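No experiment lies behind these values; they were computed from the predicted model shown. Throughout, residue positions are numbered sequentially from 1 according to the sequence presented. In each ligand, atom 1 is the first atom listed, and ligand 1 is the first ligand listed.
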Amino acid sequence: MRQVWIPKAGAPEVLELREAPDPSPSPGQVRVRVEAAGVNFADIMGRLGLYPDLPPMPVVVGYEVGGRVEAVGDGVDPSWIGTDVFAMTRFGGYSDVVCVPEAQVFRRPPGMSAEDGAAIPVNYLTAWQLVVAMGGLGEGETMLVHSAGGGVGIAATQLARWRGARVIGTASASKHEFLRGIGVDHLVDYRTEDFEKRVMEITEGRGVELILDAVGGDSFKKGFRILAPTGRLGMFGMSSAAVGKQRSIVAALKTVASMPWLQFNPPALINENKGVFGVNLGHLWGEIPRISRWMDSLLSLWDQGVVRPRVDRVFPFAEAAAAHHYVQDRRNIGKVLLKP
Ligand SMILES: NC(=O)c1ccc[n+]([C@@H]2O[C@H](COP(=O)([O-])OP(=O)(O)OC[C@H]3O[C@@H](n4cnc5c(N)ncnc54)[C@H](OP(=O)(O)O)[C@@H]3O)[C@@H](O)[C@H]2O)c1
């Protein structure tokens, strides 16, 4: 098999293509021949040496793939063989063959390509947890989503519109036209405008009911301030810690230091009728039955045309470094994938 490895922390150029013998599925596993593998911001944080969950380097990252089952281990129904699927991988997704537990594999419905499949798990499960499971976004409410043009941002926008909510998005200006087209009602260019001020103008001083924030640091503080009564702040990342293409612990620590360590105290939450919650899909591997139920809901929304991943670019494995540059240069609108 061919895999993209991170041998050591550093710039995208550290990524290395290596070959190894094909793995055999263990009992309870299926082996998938991969046609597309998802790139996530977590992979970039991993490459920068800023991702606490990363197994020791050298490591193959990657949480999701689309492809076809070509073998099964003991105890798995052989009728899986030949089935078009997508799957969640606990690292190791940047490979042209993966072995995964049967419970982490999902059949691709008609019309869903391997690329669509590889673009769904992380972005849509995270968006589901934020918007529906924990965020409880209701009809007529307003959601603010940061990095609206990213994979999670687009997934969250689709779910918010399905729930009948109004969407305010922050994104680089070059993405605004596209985002308007998929139903983001108001756009803020966070590079030139203060999102706190703009959101209060847009909502005429009321604030928003739900915020999805993976920027982190100071952004959490501002978000808390612009929650309307009963508003919820969903925190799920710290992309502002990824400053530059090389590892910088100092920059990461600055982001950590600027977090609202004292602001979210019980009296403030009670008296202001505000909620804060955190999401880390990568810490839900012990909850696969719950994840499967969320995925069933998402697949039913696929059938209804609500869930529609936007694949921006597909890079060959040999150009994995270019894929990481592309995301870090903030150029992607939607999902970036690797193709063996
Ligand atoms: N906790 C979880 O379970 C979970 C799961 C999935 C993703 N996440 C987090 O959600 C965020 C979005 O993830 P994604 O995979 O969908 O990636 P993505 O949205 O494609 O992220 C890239 C986009 O983020 C924006 N951005 C903001 N700060 C950035 C920075 N310092 N460097 C580069 N880009 C920056 C840029 O868009 P604009 O310039 O247009 O804003 C960029 O295009 C990431 O922080 C990720 O770690 C968390």
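- Below 3.5 Å of separation, one finds no N or O of Thr170 facing any N or O of ligand 1.
- In this structure, the side chain of Ser292 engages the main chain of Ile288 through a donor-acceptor pair within 3.5 Å.
- Nearest residue to atom 9 (C) of ligand 1 from Ala241, Ala155, Ala214 is Ala214 (criterion: closest heavy atom).
- Polar contact with ligand 1: present for Phe236 (N/O pair, distance under 3.5 Å).
- Here Thr126 has side-chain heavy atoms under 4.0 Å from ligand 1, and that is the only part of it that gets that close.
- Residue contacts with ligand 1: Arg330 is placed with a nitrogen or oxygen under 3.5 Å of a nitrogen or oxygen of the ligand (distance criterion only).
- Between Ala171 and ligand 1, a contact under 3.5 Å exists for no N or O pair.
- The number of heavy atoms from other shown groups lying within 6.0 Å of CZ (Arg33) is above 12.
- Cation-pi contact between Arg313 and Tyr326: present, with separation from the ring centre below 6.0 Å and deviation from the ring axis of at most 45°.
- Under a 3.5 Å cut-off, the side chain of Asp213 and the backbone N or O of Gly216 do form a donor-acceptor pair.
- Partner Leu130 forms a side chain to side chain contact (heavy atoms under 4.5 Å, CB included) with one of Val279, Val145, Leu281 and no other, that one being Val279.
- By the 3.5 Å distance cut-off applied to N or O atoms, Gln328 is not counted among the residues near ligand 1.
- Of the N or O atoms in Ala42, none lie within a sub-3.5 Å distance of an N or O in ligand 1.
- Looking at Lys175 against ligand 1, only its side chain comes within 4.0 Å, counting heavy atoms.
- In this structure, the protein non-hydrogen atom closest to atom 17 (O) of ligand 1 is Phe41 CB, 3.8 Å.
- In Val336, neither the side chain nor the backbone holds a heavy atom less than 4.0 Å from any atom of ligand 1.
- Among the atoms of Val39, none of the N or O lies under 3.5 angstrom from an N or O of ligand 1.
- Not counting sequence neighbours, Asp189 has no partner by the salt bridge (charged side-chain N to carboxylate O under 4.0 Å, His left out) test.
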* To do: List the steps and the verdict of side-chain contact (heavy atoms from CB on, under 4.5 Å) for Arg31 and Asp22.
  => CA-CA 10 Å; Arg31 187 169 78 193; Asp22 279 359; 4.2 Å; yes
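- Shortest contact from atom 3 (O) of ligand 1 to any protein heavy atom: Leu281 N, 2.7 Å.
- For Trp261, the CH2 atom sits in a loose shell: 12 or fewer heavy atoms of surrounding residues, nucleotides or ligands are nearer than 6.0 Å.
- Shown are Arg331, Glu319, Glu13; of these, the side chain to side chain donor-acceptor pair (under 3.5 Å) with His325 is made only by Glu13.
- Note on ring orientation: taking the six-membered ring where Trp is involved, the planes of Tyr63 and Phe91 are tilted (angle from 30° to 60°).
- Atom NZ of Lys254 has 12 or fewer neighbouring heavy atoms from other residues, nucleotides or ligands inside a 6.0 Å radius.
- Residue-to-ligand polar distances keep Gly334 apart from ligand 1: every N/O pair is separated by 3.5 Å or more.
- Under a 4.0 angstrom heavy-atom cut-off, Val122 registers as being in contact with ligand 1.
- Between Tyr94 and His324, the ring planes are perpendicular. Angles over 60° get that label, and only those under 30° would be called parallel.
- Scanning Ser239, Gly150, Pro121 for the heavy atom closest to atom 19 (O) of ligand 1 points to Gly150.
- Here is the list of ligand 1 atoms found below 4.0 Å of a heavy atom in Tyr190: 38 (P), 39 (O), 41 (O).
- Residue, atom and distance of the protein heavy atom nearest to atom 24 (O) of ligand 1 are Ser147 OG, 3.5 Å.
- Taking only nitrogen or oxygen atoms, main chain and side chain alike, Val152 reaches within less than 3.5 Å of ligand 1.
- Heavy-atom contacts of Asn123 reach the following atoms of ligand 1: 16 (O) (cutoff under 4.0 Å).
- Asn332 OD1, 4.3 Å is the protein heavy atom nearest to atom 23 (C) of ligand 1.
- Although no hydrogens or angles enter the test, the distance criterion places a donor-acceptor pair under 3.5 Å between the side chain of Asp185 and the main chain of Val167.
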